[in-house]
2 protein chains.
Amino acid sequence: MEKKKVTIKDVAKYAQVSPATVSQILNGQAKRFDPKTVARVRQAKEDLGYEANYLARKMVGKQSMMIGILVPDITNPFFNTLVKGIEEVLFQAGFIAILGNGGFDGAKEEQCLFEFAQHGVDGFIIASPSISDKALQTVLTAKKRPYLVLDQKAPDGQSDALLLDDRAGGRLAAEYLAKKGHKKVALVVPKVLPANLKRRMQGFLEYYPEALVLTTEFSKAGGKASVPKLLTTKVSAVFALNDELAFGIYRGLAEHGKQVGSDLSVVGYDNVEMCEYVTPALTTIKQPLTLLGKTAAKLILARLKEPTSAYQQVMLPVELIERASVIQNN
Amino acid sequence: MEKKKVTIKDVAKYAQVSPATVSQILNGQAKRFDPKTVARVRQAKEDLGYEANYLARKMVGKQSMMIGILVPDITNPFFNTLVKGIEEVLFQAGFIAILGNGGFDGAKEEQCLFEFAQHGVDGFIIASPSISDKALQTVLTAKKRPYLVLDQKAPDGQSDALLLDDRAGGRLAAEYLAKKGHKKVALVVPKVLPANLKRRMQGFLEYYPEALVLTTEFSKAGGKASVPKLLTTKVSAVFALNDELAFGIYRGLAEHGKQVGSDLSVVGYDNVEMCEYVTPALTTIKQPLTLLGKTAAKLILARLKEPTSAYQQVMLPVELIERASVIQNN
DNA sequence: ATGAAAGCGCTAACAA
DNA sequence: TTGTTAGCGCTTTCAT
């Protein structure tokens, strides 16, 4: 019952070689050894169920096979879908995911990154839009570990960058609304605007320079809170900067006895699963979240393999998913 | 710029003592040393910004300050709310959270636990309802690390247990429906029933032994798929075993031109955030998810502190949140 | 083709 | 009161 942890020594003893030999053979130097020895060692590994201890490995400069992931709120569908994608490819590659929930709190974010580093992660994926350059500088470049900032301009040339085509997303929403005949439209946006949201907004505003801009909390509650103000205006459609906001607007409208669609058309952003399940189903901009996560993981893994290759920047496209929340306006 | 990692040796040199002394002083043995030395060491730590390396610590039998968390789907509001709670208290205690997404796949779950162990986590929080006893036995007790299985009967007396009062939840839903005058009711349940769901169902069935039981996929899509069948029966209300299922039913009803409430009353389970934002707002059983997460983290932390104290079992209550998805039936 | 030795950063036991 | 030694599990020269 008391299955002791099997170490490299056990394998060595079992295979009647030295620990050094085991290490060599199990780490790709196999061809330098007598095939018989190699076979014996491999057999021993199997028989004993040996797996190298990552901590000990990390101690001698190898990888710990851990990646730190920092998100602002794991409860938000955007981020948890992302994390799911990340975790999936990480896991397949034998890495594990360390999760930090920054809560939009700069201090905690920085602290998280610090802890990650302290615990020996090999790299970081940062999906917190508000992360400060300072935090990045201090914690990351100082430690010389690769990192990846998602959906945000790389703050410097110190990392790969993975972006979503936010501006196109904003434009898509605008074009669609225009096509549907909406002249007076509003934009519901959070009070503080991270770079990606700013881009969405710009894309939209290029098309509708006169759009009414309403600021609120970046949450369902915020969306709901914006409804009374929305109702005093004569806009026929609203673009919510994410689906959460849109759901809040749905609710606010319902509480005022109004109908989404006939009373006010709405377009969201993200295409979270719930979009299909609200009534009317929400027309939204789809971001390839799972793909984003997977790509992020792949990028960081690739960099770990080739630490010196040129930093790359990849941009993922977005698309409009038409459902039923926007009606023709004349 | 090239801030080298500061080790205990640096501190020792700086404070003009031996590494051992530094270790002792920084680990609670301070009182055994000359106050002057203590001061010098502490100062050195500050000046150099020294933090002990967890990996090295773990090597000599100390804690790695990492806890593994295994969930089936981080995308599901139940689990991500839970994880948020866990992460919060873990982080405050200086621990970091390692996340594994088991995807209801027994093999991957087992593999996750194994990887966690391999990476040296100090303990496990397992929220996968379908985790097999075998996986637990093999991976966990063999390694002698504490673990906690959530919302499920402890498979043995080998761990603390944290439960939700599922049976009461089922009963609450039933009583409420009865109070509202519903005679013929249905239950929508997933095909495979983990222990906790089974208990919810039992609690309900004790009250409505004649209830129609419909099985489907455990997802929004599953809920939606159950609607046609539901419509052929003459039930006036339905109890969905979680909110996701309920949302699916909302959608299915809408697609059939039916209204939640007037055509079919529905009660969900979980009280995820969206409940408030669908129309009509969903009456549901609230599980204290964040509390569940926090309690889980506290329990595991407590056990780490006191490995030999008696295993405890705590049960968290649930409550019915009345909203607008159930109407009076006569 | 293989192994001995050193060392990663830390702590515990034992000396001094 | 403090330092020395040894060792956790692994990898990497450098001998043999």
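All values below were derived from every heavy atom in this structure, side-chain atoms included, with hydrogens, water molecules and symmetry-related copies excluded. By convention in this document, chain letters (A, B, ...) are assigned in the order of the sequence lines, proteins followed by strands, and residues within each chain are numbered from 1.
At whole-Å resolution of the value, CZ in B:R32 and P in C:dC14 are 13 Å apart. Between the CD atom of A:Q63 and the P atom of D:dT11 there is a distance of 12 Å, rounded to whole Å. The separation between B:Q118 atom CD and D:dG9 atom P is 12 Å, rounded to whole Å. The nearest whole Å value for the distance from the CD atom in A:Q29 to the C1' atom in C:dA1 is 13 Å.
For the OP1/OP2 pair of C:dT2 and a distance below 4.0 Å, the side-chain nitrogens and oxygens of A:T37 include at least one atom meeting the criterion. Within the structure, a side-chain polar atom (N or O) of A:T21 is placed less than 4.0 Å from OP1 or OP2 of C:dG3.
Contact of the B:M66 side chain with the B:Y54 side chain is not registered, since no non-hydrogen atoms from C-beta on lie closer than 4.5 Å. The shortest side-chain heavy-atom distance between B:N101 and B:V71 falls under the 4.5 Å cut-off. Side-chain contact between B:L304 and B:F95 is present, with heavy atoms from C-beta onward closer than 4.5 Å.
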Q. Could you run down nucleotides 5-11 of chain C 5' to 3' and tag each one B, S or - for protein heavy-atom contact under 4.0 Å?
A. --BBBBB
Q) Yes or no on side-chain contact (heavy atoms from CB on, under 4.5 Å) for B:L164 and B:N196, after CA distance, side-chain angles and deciding distance? A) CA-CA 8 Å; B:L164 288 164; B:N196 56 342; over 6 Å; no
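Taking the charged nitrogens against the carboxylate oxygens, A:D122 and A:K58 do have a contact shorter than 4.0 Å, which makes a salt bridge.
The closest donor-acceptor contact from the side chain of B:S23 to the backbone of B:P19 lies at 3.5 Å or more, if one exists at all.
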